[in-house]
Structure formats: structure tokens, C-alpha cells
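See structure below.
Residues take their numbers from the sequence shown, with the count starting at 1.
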Amino acid sequence: MFRCLSPLFFRDAASKSISPVLLVPWISKKVKVDYHIEKSERIGIQSSGLLVFVDNLALPLFTSSCCYCLLSDVGSSITGLFLCYIGCFVRNMAKLAPLEEPLLDGDFSAIDNSDSSKTRGNENSTRYSNAGFFSMLTFSWISPLIALGNEKTLNHEDLPLLATNDSAYGIFPTFRNKLESECGVRNVTTLGLVKVLFVSTWQGIFLSGLFALLYTCASFVGPFLIDILVQYLNGEYVFKNEGYVLAAIFVAAKLVECLSQRHLMFRFQQVGVRMQSMLVAMIYAKGLTLSCQSKEVSSTGEIINLMTVDAERIGEFCWYMHDPWMCVLQLALALLILYRSVGVASIAALAATVIVMLLNHPVASLQEKFQSKIMEFKDKRMKATSEILKNMRILKLQAWEMKFLSKIIQLRRTEEIWLKKFLAGTAIIRFLFHNAPTFIAVVTFGTCVLIGIPLESGKVLSALATFRILQMPIYSLPDTISMIAQTKISLDRIASFLRLDELQTDIVQKLPWGSSDKAIELVDGNFSWDLSSPNPTLKNINLNVFHGMRVAVCGTVGSGKSSLLSCIIGEVPKLSGTLKICGRKAYVSQSPWIQSGKIEDNILFGKEMDSEKYEKVLEACSLAKDLEVLPFGDQTIIGEKGINLSGGQKQRVQIARALYQDADIYLFDDPFSAVDAHTGSHLFKECLLGLLNSKTVIYVTHQVEFLPDADLILVMREGRITQTGKYNDILKTGTDFMELVGAHRAALSSIKSLERRPTFKTSSTTKEKTNSLSDFELEQNVENIYGENDKPNGTLEPKGQLVQEEEREKGRVEFKVYWKYITTAYGGALVPFTLLAQTLTVGFQIASNYWMTVATPVSITAEPDIGSFTLMVVYVALAIGSSIFTFARSFLAVIAGYKTSTVLFDKMHLCIFRAPISFFDATPSGRILNRASVDQSTLDMYIANLLWAITLNLVQLLGNVVVMSQAAWQVFIVLIPVMAASIWYQRYYSASARELARLVGTCQAPVIQHFSETISGSTTIRSFEQEPRFNDINMKLIDRYSQPKLYSATAIEWLSFRLDILSTLIFAFCLVFLISFPNSMTTPGIAGLAVTYGLNLNSLQTKIIWFLCNSENKIISVERILQYTSLPSEAPLVIKDNQPDSSWPSFGEIHIQDLQVRYAPHLPIVLRGLTCTFTAGAKTGIVGRTGSGKSTLVQTLLRLIEPMAGKILIDNINISLIGIHDLRSKLSIIPQDPTMFEGTVRTNLDPLEEYTDEQIWKALDMCQLGDDVRKKEGKLDSIVTENGENWSIGQRQLVCLGRVLLKKSKILVLDEATASVDTATDNIIQQTVKQHFSECTVITIAHRITSIINSDMVLFLNQGLIEEYDSPKKLLKNKSSSLALLVAEYTKRSNSGFGN
């Protein structure tokens, strides 16, 4: 090919054009000049010797043919560049220590919120930005990090920071602006998204394309020259040193191929990381602005899938983006070489190639369909998993966890149907395309035989080498098409998400501070959560609130109180009207939203620390005493959703957060429902009447005692404000307010009537009262899992914290992880068969190539020893044998991989669902979701392929070495030390690579966790106008994830480059031997075959190392999943030998004997020797300050916590000796946090499908929800959205009441069951319980005095001890009893309010 083109490129000296020969010294000098530019950083070298070498090497070429001139000059130029590098590299290796210094001494506090500038792509802190040309060329800039990884276990602070262009800070703002200008805010199209992604990363894409071009051209030099080499070995050559020139060109081309491939791969990874960072940041930013309707369309689990799976897949697509045009170029070059070798038979090769490629279309469309289905069902599974993890406590309390596990397993089984089809399609593709080169070779050589084109060994080898290269585009094309299909689906999904409706920006008109005397002005406002509903949520709302006013909002459950506050902060879509706000807002939601992290950070919420103000806020919110008891004070790390704080503490932290913001307008959504009566009084006095005395405050409350101090009271009913005015004014008019106040007065009168009630028969355990009421202000969190014994002395030890950094293994991945993986499927029975199939596949391939070489003559003048028919029959037979075993190994690998991923999925999920509740308290759900999503996908799709690819390539490498040794056994002289060096390099690299891969795994979970928290608290974040800060945190977390990911990819290229050089050394040594002793070593044909296989040597070795390293990185997913298959488990669900009778408990009597409970062996005792009896059928109220042990007692009764001493007997059966499901299924509980699951009303009331519709309707009527459900279009099948967001919190609590009404247990526990409902509804619930559970034992924990005062018995707990236990009547007679003091304060407050 180059011979015919040479006249275009080479003219004589008279033509005045520059000869490539003259370019050699010019290039070398240019390199030398460029090299010395960096002299300030590096040491210059004397390159004159190299120039002489290159010039001397080039001189003989001037006399050769034009073909040789072109190839040798290109090769010599590259060799000159490479040898310049070699000259400086050896000397620079001694200088690596200074390079290491900045890396170790730099400040890597990348996630430190206080210094965000450190993460904004600080170029002075990243080795990559400051690397010189040769450091970039050889990836030496990463050497200090790899060296450090050999000295110690790498941690995140050891990693250099990202360059500006690789940081989310540097690229996301530009990306977002371009996307908005291209598509608009809400009209994002897939095409527009692709265009902006391309424009944002075009430089990296262009560079990678340039390297791809170099790589493709260089890879065809070997096949082009192989025929010339065979002829040279046969004694036909143009000039004396032609062999050495050929060897030099071979090696130079190989070096170009290696260098360009390494930088191609690095650029792919770099562009991929950038794209993923931009997309994740964009998805997060969009999630912060989603409207309520959009949240119903996209659940948290689905959006997490977009961030973890789809964004990552688009990043991985960078590996494939150049494949289409590279495929065309490779095909064109291959046809040119084939035409030179086999003439018109190349047309047959083209036809065969086209046939193979045309098979891609149906296969790709099927794979696209399968992939789409897999993602669809994976989304559903992740959505369900996310919701279940959030509500695991209620599932365990209700003994529903196994039912919900079966739901997850069922979703997985549906996903597996499509996964099986996808994997089977993958196996078929591998079978077809691994055999494609053999098929093309059979067609090509068959055509030669048919039309009489003579086959020579040189031309055959040239064709075989070309087919081998052609295998890559043919083999990668289906993967590319499949990846294009998958990426298109992911782009469609992300674009669809970015098109979702955002919150209306025109709901609230913000006025400058001081421009109006009204803080809030709402005129003719109509708002609706559901824009399609004909019935608006809020109707004809008119409201004027002046600065400094205190406004109370009251009404029955579902009347629209919370919606009114939500519309003021701009959360409810506006249908009509105008809403003006003057001043900054602070919002406290009804359901507390607490971030994972320190208590201090939750309170400051992005503000600077002002110690004086901070202390005032803590005192006002009654938090100072709590913090004294906590081991780390306000530095204590709160678990997910504030799991290690009580409900009251979470609410007070939330109030403190609002107070610290020093806003102008405060909106409180029933903040006093979660705290006890005394704490509620304190909060109202100190916060609303104290610190916020001059502020505008709107508070929703169900507690009438907080109403008299309001300047304005709004009474709501069915979405309307029915009454407004001061307390005494509206008391005289209308019925709505009278209903609420009447219910409250009825509750108060019941306290006074206690004296006329008979005392319930029991024994009193009342202790002498020694403390005054002021002692109640000490709200010690004894129930918290920390105790005084854990208080720090001096420095804080993080190990005492509940939530630890995610566990990650250190050092090498243990062999047992690999062993567990390969033996999980059928005990590893398929492994030997797969290995045998791989060995036979390679054996048949080598045999077929060997046959074609030895059975064809070396030159056209020689007579063939074997007939054409025999030649082709044997070749076809060997090809068929190879195909059969290719088919076998493909399907065996897929079967083993599928079975393993299925078994490990089931094991992991069973262990998670059976884990004790303490595991979920201490483990953020993001960690579990990461394993169920990312790690499981790795297991499903990648690991089996990687592990079997290693063994296949090892067998191929062994085959290559055997073939090469047939021609020149002396190659072992170099092979052994080179292989030793390769192994040393691999081990040297692995220490760092492993830890980088583990850091990638542990750094992704915080991104997911932060997003999950952000979505659940988006209303609070927006109300405080904190979106920029949360976007900032998200970008820090993205960069924290990108760092190890990018450096892990760089480290692979660092290793691969060095191994490429070593394998090229073996190839060069083999060539030199063959050329130096052309006749004594072996026949020319076998020598040519050895060179043909030698061409592939570095590729194979690199692939083996890459697969080894990648598999060790990916096997960490198995390691992480295996961590969760060995979690400690709760007690057995059922103990068959000790199973209670089906009618148990028939009475419901509970004996507690010397009960001692602690949360962990190293923590202090929480319940300290409780002994009491709850008589069968008695109604017992449990009272005590926040953290006194009330909920701990309930958790112990339901065995969420196991006692360390003592026992609980129910109807004389020790509950510790029976199965936990036998226990929990027989008890009923209404928990403090009302929980509903996505689904329908029916599935929420009866998830186990045990009751009829008639029974469900009856239960709904009893809990006052029947009419509300009948109004809905779907009745019992009405949709419930994620977390029950389309139901008010009060309605959710009533649904929980409906569940226990259906269950009809002999023992009922009410844990703050009426905290979120108004007094009237509370009275209804109490009456319902009294009527339908009259013969049951009822245990009530409540902060409302009215909820427990009508009980038969009251148990007063204080710091884990029983302080009082008697009938309310007796306790109230003793005016110094704790209960009497509490009731007296409540009565006084209710009668007079707080302002007097």
C-alpha cells in the first residue's frame, strides 16, 4: 500500500521538499528544545548521542525503497522520542523523592466545609496539573502516590486534589449554563444533553481521538511487514541490513501503539469522570427543585439509580465513543493489507466481515430491550428497598420484615428473567464474534483455493495477523452497539428526569426587608398539591400577618394546617391569588428532619459559630443538659434520620436550628407534639415568648393551651380558614373552634373526675418523692445508646460514635473472597470444565494457524506439499473444534456468574432483613443501597467476565510463548527476567490500586446518602434558602469520589505502560535472534508465525494485568457483599420446640422481673432492675421525661433489644425463649413515627393479605378514616405515594390505628400514638381504644397528660428506675408526687396560658 503512495511523499533533493530523513534530527532537536523548557523542574540530558544513533539508523534507509523510507523514518522518529525519554527517565528515577514531598506535605482536607477553596481544583495541590511532558508521557506524575501506597495503607487525605477541569467545581457551573442556554430549564432533550456533554469535554474527546488514530495506524504496521520479513528470512532482501531495519520499524511501531493506547485509555477515563461528575451534580441540583408531583413520578430509589448506574454508564461510554469510526478505519486498512496479500479474495473477506457485522442489528436491538427491562425492574426494586430500609423499625415491630423481603425477592426474580436473557445474549455474541475471525479466514482462504490464488506462508501470516487485529473491531462492535443502546437509555432517563416540573418560582413574591409593614400578605389564594384534582387543597385563603405578630393555626386532622405553612414557603402549587413575603423565613416541620453528622452542624446549618447566641439557643431549647450527658456533647454524630436521638430531642434540635438562623419569619408545624408537657411549656415560654418575642411567628398546634397567647388564631376546616381572631373573641362565635376547645375541656374535666373513680386493684410501688419539679428540667438521654461512662477525657475518640466511617478491608483481597465467589455456584463444579474448554479453544486456534503456516509454501516458486482440498478440510475441522469449545466456555461462564450473583443477592438480603435493629441505627441506608445497586450490578454483569477473561488470556499468553519458543527458544533468556519484573511491577502497583478501589467504593455511599437526606429534607433546605450550600457539599462529595476513581485509572495506565515496554523488549529480542541467525534457528514460516504471535504479546500481557487489576478492583464488590452476608442476626423467628399456643396470649398479663437492659456490652445500663406487673386487661400509662427509658421498655417488650438480666413473662411464658415472630405477631403497637408505604390503602392496612374488604372498611370506620377513603376515587385501592406523602401525618397515625384494630391483639402498645392529632381526634382514638380493646392490656406512652390520666395505672419512670407506679387517683392525692406536680402545671397552663 505504502509503495504506491510513496511518490506522493518522497521527492529527490532537487524538488526542494524536505525529506523525512532530514526530519529525524529536526524532530530530535525540537524535542530537545521542548525538553529544556522544563529545565526548572527537571534535569536536562545530553541527547547528542541519541541524535547520532537516530541519524545513523536513518542513513541506510535513504537507499531503500520508498516503502521502507516511510515506515523506517516514522519508526525512527518515534524511537528517537522514546530513547530521549529513556535517557532522562533513569536519571529522574533518583529524583522522585523531591516529587514525593509536596504530595505528602500538602493539605488534603478536601471535604472540610470550612475551606472549600481547597477543593475547587486547586492546581497547586495536584501533581497532574504541574506535570512536565515526559512525566505526562510516562505517567510518572502518579509514581509518588504508588510509592506511598507501598509504604502505608492509602487514605483519602493521601490523594492529590483534582485539577480544575476534573473537579465538579470547575466543570459543573459551565455545564449547567450551557445546558440551560441549549435546551432551556425544563425542555432538556436527549440530543441537547449529548451535545452539551460533548461541548463541555471536547478537548479530552479530541485528544483521545488523536491517540485512537495513532494506535489504529501503528497496529497495522506489523501485519503489513510480516510478509516482507518472511521473505527476508527466506533469503530475499533488498539490501544487507534490511532485517535490522525491519526489526527497528516493528519495535518503533509497537512503541507508538503502546504509548497511544495508554494515553487513549487515560483520556477515556478522564472524560468519563468529568461526564459522570457533571451529570451527578445536575441530577442533585434538579432533585433540590422538584415539585411535589414530580416526586411522585420519581422516587428517591429511582433517582439514586440515575446517579449510580445511569451516570456511571454514560461515563463508561467514553471507552466506546471512538469505536464506530475506528472500526471503519481498521476495516479499510485491513482490506488494503489483505488485497496486497490475497488479491481479489479480499472481496470475499469484506463480504464475510459485512455479514458478521450485519448480525449486530437484531442482536443489539434485543440486548437494548433486555437492558431496558433490567433497569425498569431494578428501579422498582431499589425504590422498594429504599423505602423498606427507611421503615425497618416498624416492619420488625409488626413482624412484617419477611413479607417485605419476599416482595424484594419477587422484584429481583422478575429482574432476573431479563438478566438471564441479557446474559444469554451476551454469551451468544461472544460465541459468534470470537469465531468471526476464523469464519472470515475460512471464507478468504477458501476463495483463494477456489479461484486459484496461490497461498504462501508469508501472505497467510500477514492475513492471519490482520484477521487477529480485525477481531477487535468485530468483537467490540456488538459491545459498542450494546453500550450505545444502554447509554441512549440512560441518557433518555436522565433527560426525562431533567424535564420534570420544578417548584413554581412565582408562588411567592419576595419583598425587600422594610418595604412593607406586613410580613405575610395572602390574597384570594387557591393552592393544590394535585393540580389535576378539581378540589383544591387550600381554598380562598386571605391572610395578613404584620411584623412581630404571633399567629396560631388549629383545626382537625386533614384540615389543611400544614398545607397553609407549606404554601407560605412556596411548596404548594398556586392556582390563583397573590402571596407576598417580607423577610427571611425559618421553618420547623412536623416530622423532624435531621442530617447525619454532628449536632453542632445541625444547629449551625451553615452559619458561623457565635458562641453567645449558640448557648442561648441551647438553653431555650432545653438541649444544654442533654448535651452534657452525651459522650461527645454537641460533637456527637447523629445517625441517619437522627436515629440515636429521641423524638423530643430531634424536634428540639430542629427548633434550635431555626432559632440560630435569626430569621424574620418563623413557621412551626406542630413542634410541641413530640415533647412532654413540661418541655413543651419550656419551649413555648423560652422560644416563642422569649427569643422570638419580636419576630413574626406562625405555629400550628393541636394543643389548646398554646392558643391564648396568640395575637391571631386561624381555625381551619377542609382547606378553608373558617374563623380568625383572638382566643376569647372566636370562642364566642362559630362551632369549629368550640369543638377543639370543648374536647380540651372535656379532657381537663376527666382529671378532676378522677377522685370519683374507683381505684384499680393493684399493688403500689410508689417511692418517696425526693426531687422537686425543677429536677424535671434535667432531661437526660439515658435511653440514648451513650452514657456518662463514655464521656471523653481530653481528646475525642471517634470510636465511641454510633455511626462510624464505612468499614473497608485493608491489604490484599483475601483468597477466600475469590474462593467463595468461584465455589458459590454449584460448589465450583463448573470451574474445571470452563478451564478445559478455554484451553481447548486456544489449542485448536493455534493448531489451525500452525497448519496453515506449515502446509503452504514459503514463496510462489516452491511447490506445495499438500493439496488445496486437504489444506482447507483440515483447517475447517480445526476451526469447528475451536468454535464448539468457544460456545461451551461462553455459556459455562455465564451460567456460573448468574448463579453466583443470584445466591449472593439472596444471602445478603436475608442477612440484612434478619439483622438486629441496632445495625440499621448505626448504618446509613446509603451504604446498604450502594451494595444492593452498584455492587450487585457489578456482580451481575462484570465479575464473571473478568475472571474468565484472565484465565483465557493466560492460556493464550502461554500458547504465544510456546509458539515463539518453537522459533527461538533463546527468548526464554529474556522472558524469565521480564516476567519476574512484570510480576514485581504488578505487586508494587497492587498495594495502591486495591486501596484506591476500596476508596472508590466507600466514597460513593456518602454521595447517595447525602442525596437521600437532601430529598427528604428538601422542604427545609429550600425554606432556609440553603440550596447553594447543599449543592456545594454535593460537589465536594462528588470530587471526593472522583479523586480515587481517576487516580485508580491512572495507576492502571502507569502499570500498563511499563509492562508494554517490557513485553516489547521480549518481542525485540525475538526479532533480533531470528534476523541474526535466519537459517539456523527454524524455517521462515515458523519464524514468521512466531513474529505474528509476538506482535500480540504486549497486548495479551497488558490485558492479563489489566484484567487482574480490574478484577481485584471489582472483586471488592464481592468483598463488600460478603461483609453483609455475615451480619449478626436476631433471635430465631420461630422456635418449633418452644412455640406458644395459637391462642396465646389469652389473658395478656405481663410480669417484669428485675429487668436490666443495655444497648451494647460496653455501654451503661439503661433500665436498672425494673420489677412490676401489668395486670391482664389493665390500661397502663407510662410517663417520664425524654430519655427516662419509656421507649426502651417497649423495645424490650418486643425484643428489639434483648435484656442483659431479668425477664419478661406474658401469661407465664418467658418471651426470651420463644421465636421473635411468635412474639411480635401476637402484640400490637402504634409507633411514635406514623409510617405508610407506597402502594394502596389496602396494602398499607393489610400487607400480609389476611383480612377481607369488609373487615378493612370496618377498621377504617372505627379509626375515623372511612369517609375520607370513600371520597377517594380508588377507595381501598387509592394510591399511597412514597412514605405516604399524599396523606397528612395525622391521617397516617390513624392508618396505624386501623392496623391494630384489624389485628385485635390481647396486648396493645401506644407509643405516642396521638402526638400528631388534635385533642378532639385524640379523644376519639382514646374512646376507640377503650371500646374495642376493653378486654386487652393496653400500655400507653404519651406526653399528653390527657392521654394517660384515664388509665387504670400510671408508671412513672426516671433514669431507668420506677419512681411511681399506682392508680392515677392515688398518685394525684399525693400532691408531692411527680404525676400530681405534672398535672398541676398542665392544668395551670391550660387555664391561664403563658402570657400572664
Side-chain angles (χ1 to χ4, degrees), residues 520 522 525-529 535-545 549-569 571-572 587-591 667-674 680 684 688 697-747 1234 1263-1265 1267-1268 1271 1286-1295 1314-1325 1344 1346 1390:
I520 300 169
L522 179 53
N526 289 279
F527 300 83
S528 180
W529 289 109
N535 189 26
T537 308
L538 297 173
K539 312 174 192 73
N540 302 320
I541 303 295
N542 288 280
L543 177 64
N544 288 304
V545 179
M549 282 184 70
R550 207 163 31 244
V551 180
V553 184
C554 58
T556 57
V557 170
S559 58
K561 305 182 296 297
S562 296
S563 295
L564 179 64
L565 294 193
S566 295
C567 90
I568 292 172
I569 60 176
E571 293 291 316
V572 189
Y587 171 69
V588 177
S589 59
Q590 185 175 11
S591 182
L667 306 168
F668 293 95
D669 193 353
D670 200 11
F672 312 116
S673 61
F684 193 81
L688 272 71
V697 180
I698 300 181
Y699 61 99
V700 170
T701 184
H702 289 125
Q703 291 153 276
V704 175
E705 59 267 28
F706 295 127
L707 296 178
D709 293 287
D711 300 321
L712 179 68
I713 298 173
L714 307 177
V715 184
M716 299 198 68
R717 190 182 192 90
E718 295 180 352
R720 301 176 189 274
I721 299 176
T722 56
Q723 290 176 269
T724 61
K726 280 186 167 288
Y727 182 82
N728 292 324
D729 296 337
I730 60 174
L731 201 57
K732 301 169 186 175
T733 60
T735 57
D736 293 339
F737 190 61
M738 277 305 299
E739 279 182 27
L740 298 170
V741 177
H744 176 65
R745 288 177 174 172
C1263 68
Q1264 309 294 315
L1265 275 178
D1267 292 339
D1268 288 341
K1271 289 176 186 176
N1286 57 337
W1287 292 66
S1288 74
I1289 290 183
Q1291 288 173 320
R1292 288 180 231 167
Q1293 196 66 281
L1294 292 175
V1295 168
T1314 57
S1316 302
V1317 297
D1318 58 86
T1319 308
T1321 309
D1322 183 11
N1323 288 346
I1324 292 168
I1325 290 174
R1344 286 186 185 175
T1346 54
S1390 301

*Hey, what do you get for CG (D670) to SG (C554), rounding to the nearest 0.5 Å?*
11.5 Å
*What distance separates S589 OG from L667 CG, expressed to the nearest 0.5 Å?*
11.5 Å
*Is there side-chain contact between T701 and L707, with at least one heavy-atom pair below 4.5 Å?*
yes
*Partners passing side chain to side chain donor-acceptor pair (under 3.5 Å) against S563 (at least two apart in sequence or in another chain)*: W529
_Less than 6.0 angstrom separating the ring centers of F668 and Y587, yes or no?_
no
_Test item: K539 side-chain N/O and E718 main-chain N/O as donor-acceptor pair under 3.5 Å_ = yes
*Rounded to the nearest 0.5 Å, how far apart are CZ of R717 and NZ of K561?*
11.5 Å
*Which one of L714, I568, L522 satisfies the side-chain contact (heavy atoms from CB on, under 4.5 Å) criterion with I541?*
L522
_For F527, the option from L538, T537, L564 that meets side-chain contact (heavy atoms from CB on, under 4.5 Å)_ = L538
*Can you check whether V588 reaches Y699 side chain to side chain, under 4.5 Å on heavy atoms?*
no
*Below 4.5 Å, heavy atoms only, C-beta onward: do V715 and I730 meet side chain to side chain?*
yes
*By side chain to side chain donor-acceptor pair (under 3.5 Å), which residues pair with D669, not counting sequence neighbours?*
S562
*Heavy-atom side-chain contact between L1265 and Q1291 under 4.5 Å*: yes
*Apply side chain to side chain donor-acceptor pair (under 3.5 Å) to N526 and list each qualifying residue two or more places apart in sequence or on a separate chain.*
S576
_N/O donor-acceptor pair under 3.5 Å between R550 side chain and I698 backbone_ = no
